[in-house]
Amino acid sequence: MRSLTLHPKLLGLFLSLLALFLAGFISIRSIGISEIKTNEILWDTWGVPHIFAKDRESVARLFGWSQMQNHGNLILQLYGTARGRAAEYWGKNYLDADKLVRIMSFADSAPEWYQKQSPTFRQYLDAFAAGMNDYAKQNPDKIADELKVVLPISATDVLAYIQLGFFNFIAQTGGCGKVANLERSAGMGSNAWAIARSHSTTKHAMLLANPHLAWSGGQTWFEAQLKSPEIDTYGATLVGFPVLGIAFNDYLGWTHTNNTIDGCDLYKLSLADGGYKFDGQVREFETSRKTIKIKQENGSFKEELLVVKRSIHGPVVEKEGEAIAIRIVGVDRFPAYGIIEQLWNTAKAKNFTEFQAALQQHQLPFFNVIYGDRDGHIMYLFNGYVPVRNFGDFNYWQGIVPGDTSATLWEKIHPFSDLPKVIDPPSGWVQNCNDPPWSATFPQQLNPKDFPPYIAPQFMSLRAQRSVRMLQESPRISFDKLIEDKYSTRLELSDRILNDLIAAAKQYGSPLARQAADVLQKWDRFADAESRGTLLFQSWVEEIKSQRGNLSGMFATPWDESNPLTTPKSLADPRTVALALEAAATKLQTAYGALDVPWGNVMRLQRGKVDLPANGGGDQLGIFRVLEFEPIPDGRFRAVFGDTYIAAIEFSNPIKGKILNTYGNATQPGSPHIGDQLELAARKELRFVWRSQPEIVAHLESRQVF
């Protein structure tokens, strides 16, 4: 009898097919063909849900379920706030948030948003909410008791939350945050690159997605894969949003950055006779009365009357005794009813033409778009709703403008065709680090003089300059170099002024300042965990800021639009900076007993039970790998803002990708995925993307069939 010996490759194929069969993905009659026969979620070992569903509504239902499983408590808190009833649910600390939601009428206008959806996307939103409710019903022990009051969730809750989310982004960038009681995050920024074939070593286009947001609340990212006969896309969204916001598929991908768009203006009203003056006449306010319930510590409720006023400009708030009206695009003016459908259409696009068609629906009121695809196309788009104004530059509209004249009252927004964009530039790359559109690529393709002066300011941050410097360093970039550059902690600020600072300290400084200069002389100019000197340099920067309010005044040569990549530079006042270095050194020695403390000894990556040395630093230092820190009781600092979701994608066939959701893909208590990716972040690594069923099965944590 002959024995049968399988070739190693055939044996490997047999074992792969056996694994798929045992997992239930294929039947004997369809070996080699993977079919979506059931609605299911495959959870991988990083806590990422891979949703396989038979139709669009099933995708939505399972997406809602999976978000609730990983972030249920957080989502209920966010939705309860978007209802304007958080104080009723959880007490007086939420009263200001409730007032903002009531004044802006997010919850009140959500039913209108719902009716404005196409019938298929009303069904989609209903299914998304139903999936969340199903999870809560079947897993009541996984939801905090004090948050169950928000249940059940409705599609209008989702839409109210979307309005609140975009209000936060648009208001802060547009200058309205100062009257809306918003807590401004530490920059709300991002990095993004798209690399064309001509700038890639493999001659495949590449994309880098790298949003920087807070590591908590509504700025938390959730990573997932959505697959059905209609769509197969992988990416991330802000928790509570019903579609992916940053994503890629087999053909293309895109990411977003916060843009310098002013879609929110403040108007100072001149009060008279119970109303306000406008074009020489007195107009009455539109007034409504709303009752806010506030839960007391003993469980009883107190009621507070809120009188909501609207002028011709929009909702009115009182600030330091003045009446200020808010006029904002996307939520109050020109509502972005179709935003969910547009994002769905971008995710299922298979080429640049289809992607552009989705964008031209012009329903996304904010965020730059950076794009790349398998055909080699790349694009930067200054996307959003820009009001058509009669006069004034960007800085003028960032302030509070007169509200007693129609001259300042805009009534239209610029059409999509007016927006600045760069497509397939000769440089072979586009980038954005929250800088205005003019620096999207070099040589520059966009001239500010070709656009209205209010459409965007003129500046280029040191982080953006660092970004361009890395893109220009070599004629072609490899996929590995893309990831290496993404994690670059080089301080662009140090390259502009460090030599001047050392010279100033040695000439004008005290013995301690000269000792500090010696430390800086040996410093590697990086913010890596082992870097000695970064902490001292940052302490000096903070000392300068405390004296001057900002860093701009310390430069001998300020930023110059004619030399955007080499300015600002040099120090204007050597004696002052030497004194500041002495003060910084004194504080550092008192706190840590040394001047050359390694950066990672003090700056930490903490989440759950994880506590690791950090690399990266603040935007003001000109670091591409952005992390911002807050103090913790033991004298150290922990990361609370910056690098969140990261995706490096090469549009080869098949597509190649590496991902990281820095702080982990869950916040729900007890989840093993709280902080489980921080170790990779500490090592400056990304993890491979798993998209095919064999890959997912090989790294399967659990499977849920619906």
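On a predicted model such as this, the values are computed, not experimentally measured, just so you know. Because only heavy atoms are used, hydrogens play no part in the values below, and waters and symmetry mates are left out as well, while side chains stay in.
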Please determine if Asp676 and Arg607 form a salt bridge, counting it only when a charged side-chain N lies under 4.0 Å from a carboxylate O.
no
Any idea how Trp254 and Phe355 line up, ring-wise: parallel (<30°), tilted (30 to 60°), or perpendicular (>60°)?
tilted
What is the distance from atom CD1 of Ile339 to atom CD of Glu341, rounded to the nearest 0.5 Å?
12.0 Å
Which is it for Arg83 and Val101 under the side chain to side chain contact (heavy atoms under 4.5 Å, CB included) test, yes or no, and what are the steps along the way?
CA-CA 7 Å; Arg83 280 183 189 168; Val101 170; over 6 Å; no
Going by side chain to side chain contact (heavy atoms under 4.5 Å, CB included), name the residues that satisfy it together with Gln123, two or more places apart in sequence or in a different chain.
Glu57
Does Arg638 CZ have over 12 foreign heavy atoms under 6.0 Å away?
no
Gln77 backbone acceptor or donor facing Thr81 side chain under 3.5 Å
yes
Tell me if a side-chain donor or acceptor on Asp435 pairs with a main-chain N or O of Asn432 at a distance below 3.5 Å.
no
For His673 and Asn70, which I'm curious about, is there any donor-acceptor pair between the side chains at under 3.5 Å?
no
Stepwise, does the salt bridge (charged side-chain N to carboxylate O under 4.0 Å, His left out) test hold for Glu484 with Lys658?
CA-CA 12 Å; Glu484 179 186 336; Lys658 285 191 170 183; over 6 Å; no
Under 4.0 Å between a side-chain nitrogen and a carboxylate oxygen: does that hold for Lys481 and Asp485?
yes
Taking the inter-plane angle between the rings of Phe128 and Phe63 on a 0 to 90° scale, is it parallel (under 30°), tilted (30 to 60°) or perpendicular (over 60°)?
tilted
For Phe688, check ring pair (Phe, Tyr, Trp, His ring centres under 6.0 Å) against everything at least two apart and list the hits.
none
Tell me whether Asp232 is salt-bridged to Lys348, with the criterion being a basic N under 4.0 Å from an acidic carboxylate O.
no
Verify the neighbour count for atom NZ of Lys148: are there more than 12 heavy atoms of other residues, nucleotides or ligands below 6.0 Å?
yes
Taking it one step at a time, do Ile659 and Leu686 satisfy side chain to side chain contact (heavy atoms under 4.5 Å, CB included)?
CA-CA 5 Å; Ile659 299 284; Leu686 304 180; 6.0 Å; no
Plane angle bin for Tyr371 and Phe352 - parallel if under 30°, tilted between 30 and 60°, otherwise perpendicular
parallel
Over 60° means perpendicular and under 30° means parallel, so tell me whether Trp429 and His199 are parallel, tilted or perpendicular.
tilted
Centroid separation under 6.0 Å, is that true for the rings of Phe366 and Tyr385?
no
NZ (Lys684) with more than 12 external heavy atoms under 6.0 Å
yes
Interatomic distance, Asp44 atom CG to Ser702 atom OG [nearest 0.5 angstrom]:
9.5 Å
Where does the angle between the aromatic ring planes of Trp344 and Phe121 fall among parallel (under 30°), tilted (30 to 60°) and perpendicular (over 60°)?
perpendicular
